[in-house]
Amino acid sequence: MITAGIDMGARSIRVLILKDGEVLARGESTAGFDTAESAELAFNEALEKAGITKDQLDKIVATGAGRESAPQATDTVTDVGAAARGAHEVAPQARTIIDIGAEEGRAIKTNGNGKVMDFAVNEKCAAGAGSFTEAMSRALEVELEEFGALSLESTESIPMNAQCAVFAESEVVSLLHAKTPKQDIARAVHDAIADRIVSMVRRVGIEPEIALIGAVSRNPGFVDALKRGLERDVIIPDDAEFVGALGAALVATDE
Amino acid sequence: MAEKEFWRWKEYNWHDENIDWHGCDAITAGVDVGSVSSQAVILVDGKLYAFATTRTGSDSPKSAQKAMDWALEDTGMTLDDIHYKVGTGYGRVNVPFADRAITEIACHARGGNFMYGNSVRTILDMGGQDCKAIHCDERGKVTNFLMNDKCAAGTGRGMEVFANLLSVPIEDIGELSFQVEKEPEPVSSTCVVFAKTEASALLRKGWPKNKVIAAYCNAMAHRVVTLLERIGVEKDFAITGGIGKNIGVVRRIEKELGITALKADGDTQTAGALGAALFGKALLEKSRK
Amino acid sequence: MKANYGYMDGSGEYYITIDTDHCNNCSHHGCITGCPKGMFQVITDDYDDEVAEIKEEFRKKIKYDCADCKPTTDRPPLPCQAACTPGAITHSW
C-alpha cells in the first residue's frame with residue numbers, strides 16, 4: 001500500500017510518501033499566495049523522488065491549517081490527529097507532544113497508542129508560535145538559522161516585558177540601543193516564547209516523556225529554553241518538521 | 001526605542017486671554033504623560049484656562065515638565081501659582097511636581113464627562129499603544145472599564161505597521177479606505193503580524209491598496225467593537241485619542257454599533273489631562289475642608 | 001465599578017473582572033493569599049475606596065499565569081474565586 005500525507009502549514013507545505021510503512025520520499029515547498037499551486041510543487045517533488053506517479057497512490061490525506069485547499073487529497077485529518085499519529089510512530093514512548101509551527105503551537109496528551117486524550121492550542125496570535133522568533137530575529141538583524149545558536153552563547157538572563165510580537169520588536173530595538181549583547185536578547189526572546197509554550201503544556205499535563213515536533217524544533221535556542229522551562233529533556237525525532245505529514249500518511253494507511 | 005511618529009498632530013498650546021487668574025480661588029492642573037504624547041491642562045475655578053499638547057520624549061519627568069511649561073507659556077502663571085497638580089497616564093508616577101497620581105481610566109472618564117457633557121456613558125480611547133473602553137455614570141465616575149495594552153491590534157501602533165507595509169502616510173489612511181468600489185470583508189487575522197502576511201498576499205493577488213486598507217480598517221473597527229461589547233455600549237458614546245482622528249476606523253465603528261459618536265469642541269487628546277485637573281479641583285476642595 | 005484586567009488577542013479574550021463594589025468592607029482579603037501566583041493586591045483606588053486589583057506585571061500575561069489553575073480537563077474551582085468571600089471575582093475564559 002502506498003499513501004501520501006500533505007501537511008498544509010501556514011508557511012511551508014510538506015509531503016511524505018509511505019510504502020508499507022517505509023518512507024519513500026519527501027517534498028517541501030514554501031506556502032505561496034496560491035497554496036494549491038504550492039502544494040502541487042511539493043507533491044510533484046515527492047512523487048519524482050519516489051519514482052512513482054500519482055495513480056500509484058492508494059490514498060492521499062491532507063492535514064494542517066490549509067488542509068481543505070490541497071487539491072490532491074482524498075481525505076483530511078486535523079493537525080492534532082496527524083501530530084499524535086506521526087509522533088507515536090517516531091517517538092512511541094512520548095505521551096506529551098509539543099508541536100510548534102510558524103503560526104500555531106499545540107500541546108497534545110496521548111494515551112500511548114497515538115490516540116489523543118487532550119490538547120491545548122495557541123493560534124491566531126504570533127506571540128505563541130514560530131512567527132514570534134522570526135520577527136525578533138529580523139529586529140535583531142540576525143539570520144533565523146543563527147538566532148537560536150546565538151542565544152546559547154548568552155551569559156545573562158534578562159526579562160522581556162512585551163508579550164505581543166509587535167511591541168516586543170520595539171523592546172528588542174531599545175535593548176539593542178541600550179547596548180545589550182545580542183546573545184542575551186536572543187536568549188530573552190527564546191525564554192519568553194518557551195515560557196508561553198510551557199504554560200500551555202502544563203494545561204494538558206507534563207508527562208515524563210515529551211516529544212517536540214514541528215519546524216521550531218530546529219532552533220537550538222528555543223529547544224534549550226524549552227528544556228529549562230519544562231525541567232526535562234525532550235525527544236526531537238529525525239525530520240521533526242515532517243511528523244505531521246507522516247501522521248497524515250499513516251492515517252491514510254490505517255483506514 | 002526608535003523615536004517614531006505614530007500619529008501626526010500639531011504640538012501646540014493655548015490659553016484663554018479673557019480669564020484673569022490672579023486672585024482666583026482654585027487653580028488646578030493635570031498632566032497626562034502617555035507613551036506617545038503628553039498633555040497639560042490648567043483649570044481656573046473649574047474653567048478651562050490653558051493647555052498644551054506635545055510629544056513624549058524618552059524621559060517621563062522631562063516630558064511632563066515640557067508639557068506643563070508649555071501650558072504656562074505667556075500666561076504669567078508659574079508652577080507655584082497652581083494649588084493642586086495631578087499626574088496621569090502611563091508615566092503618571094514620574095510627574096515630579098504632582099501632588100497625586102490618578103489612573104488614566106478615571107481621568108478619561110472625568111475629562112470625557114466635562115468635554116462631552118454628563119450624558120456621556122461610553123468612552124473609547126484609542127491611543128498609540130493601547131485601547132481603553134470605559135463606561136461611566138453621570139458624574140463621570142467609572143462603572144466598568146477595560147484596557148488593552150498587551151496586543152498591538154486595535155492600537156495606533158498596529159495601524160502604523162500597516163501604513164508602513166503599504167507605504168501610505170498614516171494620516172491618509174482614513175480617506176483612502178473609503179475610495180473603494182465595494183466595502184471588502186475584514187482581513188481575517190486580528191493579530192497584526194498575521195494580518196501583515198495576509199495583506200501582502202492580498203496585494204499579490206491584485207487587490208488595490210485602498211481595498212486592503214479598507215479591509216484592515218474594517219478588521220480594526222470590528223476588534224474595537226468586540227472590546228466595547230465587554231463593557232456594554234450605552235449612549236452617549238464618545239471616541240478620544242489618536243485613532244479618534246482616523247475616520248476610516250471611526251465611521252466603521254459607528255456603523256457596526258449603529259451609534260454615532262459625539263463630537264467635541266475641544267481637542268479630544270487632552271481628555272485625560274483635563275480629567276486629571278478636574279480630579280485636582282475635587283481633591284483641593286477636599287483638602288481645604 | 002467593574003474592573004476588567006487582562007486583554008483580548010487573536011487567540012481569545014482573557015479577563016479577570018473584579019467587581020470593586022463587592023470589595024468594599026471586605027476585611028478578609030482572601031484574594032491576596034488565595035491566588036497561587038500572588039496576582040492580587042489591595043489598594044486605595046482613585047475614588048479612595050479600598051479595593052482589590054491585579055498587579056500591573058500580570059495584566060499582559062494572565063492567560064499564561066492562570067494556566068496552572070485551568071487544566072484542560074478536571075478543572076477544580078478557581079482558588080481566587082474560592083478565596084474571595086464577597087464573590088467579586090469572575091474570569092472570562
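Protein chains get the first letters and strands the later ones, always in sequence-line order, with residue 1 at the start of each. All values below come from the heavy atoms of this structure, side chains included, with hydrogens, waters and symmetry mates left out. Note that the structure is predicted; figures quoted are calculated from it, not measured.
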Problem - Shortest non-hydrogen contact between Lys150(B) and Phe167(A), atoms and distance - result: O-CD1, 3.7 Å
Fill in the blank from the handout: Note: Phe194(B) and Ser131(A) closest approach over all heavy atoms is CE2-OG, 3.3 Å
Handout entry: Heavy-atom neighbours of Lys124(A) NZ exceed 12 at 6.0 Å
Key = no
Practice task
Nearest 0.5 Å please: distance from the OG atom of Ser170(A) over to the CZ atom of Arg157(B).
Solution key: 3.0 Å
Fill in the blank from the handout: Applying a strict 4.5 Å limit to non-hydrogen atoms, the region of Ala135(A) in contact with chain B is neither
Handout entry: Residues of residues 206-216 of chain B near chain A, each having a heavy atom less than 4.5 Å away
Key = none
Exercise for the section: Rounded to the nearest 0.5 Å, what's the gap from CD on Glu103(A) to SG on Cys191(B)? Could you check? Expected result: 8.0 Å
Handout entry: For the student: nearest non-hydrogen atoms of Cys164(A) and Cys151(B), plus distance
Key = CB-CA, 4.0 Å
Fill in the blank from the handout: The reported gap from CZ in Arg204(B) to CZ in Phe33(A) (rounded to nearest 0.5 angstrom) is 8.0 Å
Practice task
State whether the number of non-hydrogen atoms from other residues, nucleotides or ligands found under 6.0 Å of Lys227(A) atom NZ is greater than 12.
Solution key: yes
Exercise for the section: Using a cut-off of 6.0 Å, state whether more than 12 heavy atoms not belonging to Glu143(A) lie near its atom CD. Expected result: no
